[in-house]
Amino acid sequence: MSNRRNLAAYPHIVWSALFIVAPMLFVLYYTFTDGAGDPTLENITRIGTSNYLLIFLNSLCMALIATVICLVIAYPLAYIFSRMRADTQSIMMVLIMLPLWMNFLITTYSWMTLLEDTGIINTLLGYIGIGPLHMINTPGAVITGMVFCFLPYMVMPIYSVMAGIDPRIIEAAKDLGCSDRDVLFRVVMPMSISGVISGITMVFVPSISTFYISQKLGGGTFQLIGDTIESYFTGTAINFHFGAALSMVLMIMILISMGVMNRFGDENEERGLLK
Amino acid sequence: MMKKLLALAIGLMLAAGLSACGQTDEKLYVYNWGEYLSDGVYGDRDNLAAFEEYYEEITGRSIKVYYTTYPSNEDMYAKVSSGTSIYDVIFPSDYMVERLIAEDLLLPINIEEVCDELGAECYYDTVTEDFRGLYYDPEDKYSVPYTYGRVGIIYNTTMVDEEDCTGWEILWNDKYAGKILQFNNARDAFSTVQYMLGIDVNTTDPADWELVYDKMLEQKEIIQSYVMDEIYNKMESGEAAVAAYYAGDYFTMLEVNEDLGFFYPEETNIFVDCMCIPKGSGNPKAAAMFINYMLKDEAAIPNAECLFYASPHECVYTDEDYIEEMGEEVMEVLYPEDFNFREQLNKYAFRNLDPETAELVNGLWEELKIEGGLPDSIYMTAGILAALIAAAVIGILVRNRRRAKWY
């Protein structure tokens, strides 16, 4: 039996070896070599110059803000959904996933025409005598795009954890004298931490590495790390080695932050169970 | 039962799909710019299907063309130079042809030999004298010109005064602050300064590039955004007032927004896009035949009509129907009188920069983008959020520790 189960894992192992592990090795190789293929650390040290640190900082700030906004919107939403009747719940989840059915490049492009000075939102505002508000080509527009594109990834894990909470636990809490507010803060919240953690990861990682959204909605007037990496693979000065080094550093940053978050989540889970 | 039926249906569809793939004798992979060939999508002539027929007529063998597109020379270069490319025909610009030849990534086309061998009529003669033996391929061994054009300035006549339309300066005119678009790639963007100030676009002097950078920084204050293909949207809708772009694309925009005007600054970028056969091509003979067919009037004219780019093929620009179809205004912009192509190309076209200069240019471009950074409000918000999160995490951890003592 266990042998069979191992066999069933092979397609995935082959898949990851080919399309995840092998490309990672290429990234590693490029990071630590120069144009002639000789080993070098220059690519890494070059990232230490102020320009690239600033780009990393910019991306980090934008991604952080987008993630927090997603969390603030998604958490109450997921809580309300999880308290609904079962059939309404599934309809709500379909509605949340709906934007994902459309390619996010197209949604981003539509946001561009929505937010423009002569765009749909400003035209509508014009009818009621407001505006025009300048929205496009600002960091705010980029954050809006990120929130819109990645919100479902925050709602889904939180919702699925919350929906999995045994209603009897909540009943028990109420029987023992918990108010609705206490139920939320003392029972539901601690139990939904794992969903929040995976939601944060699933929003933060694509936000920090995005390049399409920042190019279309930011008007190219500022640069995030995703744009920079892209420019080294398709731009004027094609330099796979430096591009790879940038991706490498980004990956390590993401890994570290994920590691910290997961540790925190695990610790809380244990305590939550102990209680 | 339903599941089984569904599985059967899917299986049948797959089988049908697979067998449809295997029907032709030969395959041809064509890799072109987006919307850079008349392929029947807009109800125009389907030149790909027409080539398949033409090829079968000549050789008696059926062929299937697989057509894919790329957004920039650099994207195409990344694929072709990776060593795994399967493409048979590509459409690089002049400087990219030079680079591909220098890196030994192209095959000789031998269009006449292939035509002789297969008994087909060769249409190479239609390539005008002006477009032979250009700097990037002096013996015309590796490339056949496909289109050419120049960069000009597109402006919205309802928003811009005619008298300001004197040259590149209009992109620095603060009267139009917030309504100006600039190229979103280093080379094209920097060239607008170089043409304005009369600096060689292929200069290797760092001081020249620094000067260009200063001018770009000055412009950043009044620019709406750095764009590439978004320009269509923004110029057509009146979101932006003035932008530099390719003459051919101006007419595409004009079809949507008739308020748009166009002029050439005195010195401006010029390019020629070619057809080439990259190394790794599995079917170079069919590729040569494809190139040959693109030179035949029945294919070349629809291409030129659909692209709105100038054609270096005599059979196109002397064709009366084509001239009528394009109209006087378009012909004047695309084929101005007294225009010496070779001289302009040698003077103003982009050449490959040496790696050092390319790095410098890219570095300046990055600096330009970073300059000014994000507004302070973003840093402050992010800082406050980070502090709040840290406080919450520490609070929870402390509480947990304290609780742990109770058990």
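Model, not experiment: these values are computed from the prediction. All chains are named by letter (A, B, ...) in the order of the sequence lines, taking the proteins before the strands, and each is independently numbered beginning at 1.
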In terms of heavy-atom proximity below 4.5 Å to chain B, should I65(A) be classed as side chain, backbone, both, or neither? both
As an exercise, state the distance from CD1 of I370(B) to CG of N51(A), rounded to the nearest 0.5 Å. 4.0 Å
Presence of salt bridge, E366(B) and R46(A), under 4.0 angstrom: no
Does CZ belonging to F350(B) count more than 12 external heavy atoms closer than 6.0 Å? yes
State which residues pass ring-ring contact (aromatic ring centres under 6.0 Å, His included) with Y87(B); sequence neighbours excluded, sorted by chain then number. Y31(B)
Between E116(A), K216(A), M62(A), Q223(A), which has the largest tally of heavy atom pairs under 4.5 Å with chain B? E116(A)
Which answer fits D229(B), side chain, backbone, both or neither, if we ask what part of it has an atom under 4.5 Å from a heavy atom of chain A? both
Non-hydrogen side-chain atoms of D227(A) and K369(B) separated by less than 4.5 Å: no
Of all of N184(B), L368(B), N233(B), which one pairs up most often with chain A through heavy atoms under 4.5 Å apart? N233(B)
Flag yes if more than 12 heavy atoms outside M24(A) fall under 6.0 Å of its CE atom; otherwise flag no. no
What heavy-atom pair brings F233(A) and A78(B) nearest, and what distance separates the two atoms? O-CB, 4.2 Å
Atom pair OG1/CD of T113(A) and E230(B) - distance to nearest 0.5 Å: 12.0 Å
Closest non-hydrogen atom pair, G119(A) against E239(B): N-OE1, 4.4 Å
Among P139(A), G218(A), G140(A), single out the residue with the greatest number of heavy-atom pairs under 4.5 Å to chain B. P139(A)
Check S225(B) against T221(A) and note the closest heavy-atom contact, atom names and distance. CA-CG2, 4.4 Å
What part of F242(A) is in contact with chain B, defined as an atom under 4.5 angstrom from a non-hydrogen atom: side chain, backbone, both or neither? neither
All heavy atoms of L64(A) vs all of A382(B), minimum pair found to be CD2-O, 3.3 Å
For the residue pair I378(B) and C61(A), what are the closest heavy atoms and their distance? CG2-CB, 4.2 Å
Just wondering, are more than 12 heavy atoms of other shown residues or ligands nearer than 6.0 Å to OH in Y379(B)? yes
With a 4.5 angstrom heavy-atom cut-off, is it the side chain or the backbone of I389(B) that approaches chain A, or both, or neither? side chain
Distance, nearest 0.5 Å, that separates CG of L385(B) from OG1 of T67(A): 10.0 Å
Is the count of non-hydrogen atoms from other residues, nucleotides or ligands lying under 6.0 Å from Q219(B) atom CD greater than 12? yes
Top of T357(B), T381(B), V393(B) for chain A proximity - count of heavy-atom pairs under 4.5 angstrom: V393(B)
By a 4.5 Å heavy-atom criterion (distance strictly below it), what part of Q224(B) contacts chain A: side chain, backbone, both, or neither? both
So does E218(B) have more than 12 non-hydrogen atoms from other groups sitting under 6.0 Å from CD? yes
Closest approach of T118(A) to G238(B) (non-hydrogen atoms, all atoms of both residues): CG2-O, 4.0 Å
Measuring heavy-atom distances to chain A, does L181(B) have an atom under 4.5 Å in its side chain, in its backbone, in both, or in neither? neither
Just so I know, are the side chains of N239(A) and N362(B) near enough to count as touching, which here means a heavy-atom distance under 4.5 Å? no
Below 4.5 Å from any heavy atom of chain B, which atoms of L60(A) appear? Answer side chain, backbone, both or neither. neither
Of all pairs that satisfy side chain to side chain donor-acceptor pair (under 3.5 Å), the ones with a partner from residues 134-151 of chain A, not counting sequence neighbours: D117(A)-H134(A)
E356(B), CD: over 12 other non-hydrogen atoms inside 6.0 angstrom: no
Does any part of the side chain of M228(B), heavy atoms only, come nearer than 4.5 Å to the side chain of Q215(A), both counted from C-beta? no
